[in-house]
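Beneath this line is the structure, given in structure tokens, with notes to follow.
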Amino acid sequence: MVAMSEPRWLSESEQWAWRAHTAPQAESTSRLDRQLQRGDSGMPATYYEILVALSESPERELRMSELAEFTKSSRSRLSHAIARLEENGLGDSAVLSHDKRGAFAVLTDDGMTTGRAAAPGTSPRSAACCSTA
């Protein structure tokens with residue numbers, strides 16, 4: 001039997017390196033989320049990430065399990081997000097006739113347009129989307 005040793009905590013220099021890596025990453029993510037929420041789209045970064053993933057996929061569709069893995073989301077969280085996108089006409093979920101092994105998320109034409117309009121660094125548009133209220 002192998003004895004479990006106590007976890008080794010980071011040294012002072014390792015802690016400094018860890019914080020130097022994570023702080024800018026967290027700030028960047030926070031700024032991106034604020035920019036997306038502040039725009040007319042009112043879209044959380046997680047919804048934008050879904051639109052981007054679908055827009056880059058063949059036929060603008062992905063199996064829900066693949067999309068969950070890509071976005072690092074739980075299936076329940078992803079299902080909720082897709083339902084919100086569906087309510088706004090930006091996405092759809094379906095069992096596709098060419099592949100009945102699982103549910104797919106599909107990006108609509110309006111979803112593609114809204115995703116482009118919401119892209120960080122673009123000017124505000126009037127495509128309201130996905131408020132989380």
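Just so you know, these numbers use all the heavy atoms, side chains as well, and skip hydrogens, waters and symmetry mates.
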Side-chain heavy atoms under 4.5 Å apart, restricted to Ile/Leu/Val/Met/Phe/Trp/Tyr: what other residues fall into the cluster of Leu10, or is it alone?
Trp18
Taking side-chain contact (heavy atoms from CB on, under 4.5 Å) as the definition, give me every residue that meets it alongside [X], ordered by chain and number, with sequence neighbours left out.
| X | answer |
| --- | --- |
| Glu27 | Arg31, Arg34 |
| Glu87 | Arg84 |
| Ala105 | Leu54, Met64, Leu67, Ile82 |
| Ser13 | Ser11 |

For the backbone of Leu62 and the side chain of Ser57, can you confirm whether one donor and one acceptor N or O come within less than 3.5 Å of each other?
no
Is Thr114 reaching over with its side chain to a backbone N or O of Asp110, donor-acceptor style, under 3.5 angstrom?
yes
Just how far is it from atom [atom1] of [X] to atom [atom2] of [Y], taken to the nearest 0.5 Å?
| X | Y | atom1 | atom2 | result |
| --- | --- | --- | --- | --- |
| Glu61 | Phe104 | CD | CZ | 6.0 Å |
| Met43 | Ile50 | CE | CD1 | 10.0 Å |
| Tyr47 | His80 | OH | NE2 | 4.0 Å |

Between Arg19 and Glu14 (salt bridge meaning N to carboxylate O under 4.0 Å), is one present in this structure?
no
Heavy-atom closest pair, residues Ser55 and Val52:
OG-O, 2.8 Å
For Glu49 against Phe70, the heavy-atom pair lying closest together
OE2-O, 4.1 Å
Quick one: are Asp109 and Arg60 in side-chain contact, heavy atoms under 4.5 Å?
yes
Does Leu51 reach the side chain of Leu85, with side-chain heavy atoms less than 4.5 Å apart?
yes
Show every salt bridge (charged side-chain N to carboxylate O under 4.0 Å, His left out) that has at least one partner inside residues 65-80, sequence neighbours left out.
none
